[in-house]
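All of these numbers come straight from a predicted model, not from anything done at the bench.
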Amino acid sequence: MNLGKRDIILKEIQYWRNSRLLPEQYCDFLTNLYDDETKAKDSNPLSLHNIGQGSVKLWLFGFGIISLIFLISLYFSVFPWPLQIATALSVLIVCYGFAAVYRDRQTVLSLILAGTGSVLTLGFGLWMIALHDLNPDFWRPLLIAGCGLLWCVLGFVLRIGLLQYSGFAFWALLYAGFAGAFRPEASIFELELLWLPLCIVMVWLSWLLHHRVSGVSGVYFAVGVSLWVMPEIDALLLRQDYPQWISLMLITKIAAGLALLFMYRKKWITWVAS
């Protein structure tokens with residue numbers, strides 16, 4: 001039994017116990033309850049109930065969206081660059097706009113639209129860099145910075161923690177790239193100094209903001225926890241000629257981090273849950 005039917009039955013029992021209705025009145029009451037449930041289903045245009053009804057407008061809308069996607073995919077490369085930019089911006093505005101509209105009413109649909117818009121943001125950017133033979137050493141970092149900023153802002157506005165976390169992750173990737181370019185021979189001690197202060201700052205911001213701004217404390221805490229092991233990940237994945245004991249150090253830091261989380265679980269769970 002799904003949650004909607006259970007709620008209806010509970011309402012029926014409560015209403016029947018607390019009132020003395022004639023049979024006709026009780027039947028009217030039940031009819032109104034089930035009518036309310038049907039209207040709730042119909043309020044979602046993409047529900048299976050509405051799709052099964054065979055609405056011509058809905059199916060034509062779906063056909064138009066699918067056709068538009070194929071047309072953009074096939075002919076995007078031959079568009080002049082102003083039209084390419086306008087097309088990409090239009091698609092992104094539609095995805096993020098409807099994600100904002102459905103954020104409170106249809107959470108899953110909103111997350112799907114926001115995720116689609118994020119993937120398309122990165123995809124359109126990389127596609128245009130390749131199409132116009134732009135210098136990747138300049139434009140890819142610029143794209144990463146732009147995506148990170150966009151996702152952080154939209155994740156905060158729409159209260160989508162994963163989107164905001166992805167924005168911080170892109171900034172961390174950009175930070176690692178610049179650090180690797182300026183100090184490719186950095187020692188593990190220098191890498192710890194590069195990353196651990198950021199870890200402390202993010203955890204501190206999580207504590208500072210958990211009473212002031214709702215919905216961001218958990219994201220900042222997750223970013224801080226991720227930055228805890230970034231020096232070793234930086235050394236293993238982004239740099240060369242590091243000794244094998246870095247892997248053992250990574251495992252040791254993970255164990256130490258889990259121990260700290262366990263010891264202070266009552267404090268940080270309060271931040272994250274606020």
Side-chain angles (χ1 to χ4, degrees), residues 2-7 37 39-53 55 57-59 61-70 72-73 76 87-127 143-174 202 205-206 209-210 212-227 268-274:
N2 59 38
L3 183 61
K5 291 184 178 179
R6 186 181 67 181
D7 291 340
E37 184 185 26
K39 291 177 181 178
K41 288 182 179 179
D42 291 339
S43 64
N44 179 12
L46 298 180
S47 66
L48 293 177
H49 175 75
N50 283 333
I51 294 175
Q53 293 299 316
S55 173
K57 292 182 179 180
L58 181 61
W59 283 89
F61 176 76
F63 171 75
I65 292 296
I66 295 173
S67 301
L68 182 62
I69 292 173
F70 277 103
I72 292 175
S73 301
F76 185 81
T87 301
L89 289 177
S90 300
V91 172
L92 298 181
I93 290 172
V94 169
C95 288
Y96 287 126
F98 277 101
V101 170
Y102 286 107
R103 185 67 186 98
D104 297 326
R105 291 181 291 170
Q106 299 291 332
T107 304
V108 175
L109 179 59
S110 175
L111 293 177
I112 292 174
L113 289 170
T116 302
S118 302
V119 172
L120 290 176
T121 302
L122 185 61
F124 276 126
L126 293 175
W127 197 359
L143 175 64
I144 291 173
C147 288
L149 178 61
L150 177 65
W151 296 345
C152 282
V153 172
L154 289 176
F156 174 77
V157 172
L158 300 179
R159 291 298 187 264
I160 301 178
L162 182 59
L163 185 60
Q164 193 174 5
Y165 179 88
S166 300
F168 282 112
F170 264 44
W171 280 356
L173 179 63
L174 190 66
M202 296 306 296
L205 285 175
S206 175
L209 297 176
H210 78 279
R212 294 173 173 83
V213 183
S214 62
V216 301
S217 180
V219 176
Y220 285 9
F221 188 80
V223 173
V225 170
S226 301
L227 293 176
W268 64 263
I269 288 176
T270 303
W271 307 345
V272 172
S274 62

For a quick test of reading the model, state the closest non-hydrogen atom pair linking Thr270 to His210 and the distance between them. O-CD2, 4.4 Å
Shortest non-hydrogen separation from Cys95 to Thr116 and the atoms involved: SG-CG2, 4.3 Å
So how far is it from Ser166 OG to Leu150 CG, rounded to the nearest 0.5 Å? 11.5 Å
Could you work out, with ring-ring contact (aromatic ring centres under 6.0 Å, His included) as the rule, every residue matching Phe156, not counting sequence neighbours? none
Identify, with sequence neighbours excluded, every residue that meets side-chain contact (heavy atoms from CB on, under 4.5 Å) alongside Phe124. Ile72, Phe76, Ala88, Val91, Leu120, Trp127
side-chain contact (heavy atoms from CB on, under 4.5 Å) partners of Ile144, counting only residues at least two apart: Phe170, Leu173, Leu174
Ignoring hydrogens, what is the shortest heavy-atom contact between Leu158 and Ala99? Give both atom names and the distance. CD1-CB, 4.4 Å
Once rounded to the nearest 0.5 Å, what's the spacing between atom CD1 of Ile112 and atom CZ of Phe98? 15.0 Å
With sequence neighbours left out, which residue pairs that include part of residues 155-165 fulfil the side chain to side chain donor-acceptor pair (under 3.5 Å) condition? Tyr165-Ser226
Can any side-chain N or O of Ser206 pair as donor or acceptor with the backbone N or O of Met202 at less than 3.5 Å? no
Provide the closest heavy-atom pair for Leu143 versus Thr121 in the form atom of the first, atom of the second, distance. CD1-O, 4.3 Å
Would you please name every residue forming a side-chain hydrogen bond (donor to acceptor under 3.5 Å, both in side chains) with Ser110, sequence neighbours left out? none
Residue set satisfying side-chain contact (heavy atoms from CB on, under 4.5 Å) with Val101, at least two apart, ordered chain then number -> Arg105
Here the pair of heavy atoms bringing Leu163 nearest to Gly155 is CD2-N, 3.8 Å
Phe168: what forms a ring-ring contact (aromatic ring centres under 6.0 Å, His included) with it, not counting sequence neighbours? Trp171, Tyr220
Can you name the ring-ring contact (aromatic ring centres under 6.0 Å, His included) partners of Tyr96, sequence neighbours left out? none
Please name all residues satisfying side-chain contact (heavy atoms from CB on, under 4.5 Å) with Ile93, sequence neighbours left out, ordered by chain then number. none
From Leu162 atom CG to Trp151 atom CH2, the distance as rounded to the nearest 0.5 Å: 10.0 Å
Once rounded to the nearest 0.5 Å, what's the spacing between atom SG of Cys147 and atom CG of Leu154? 11.0 Å
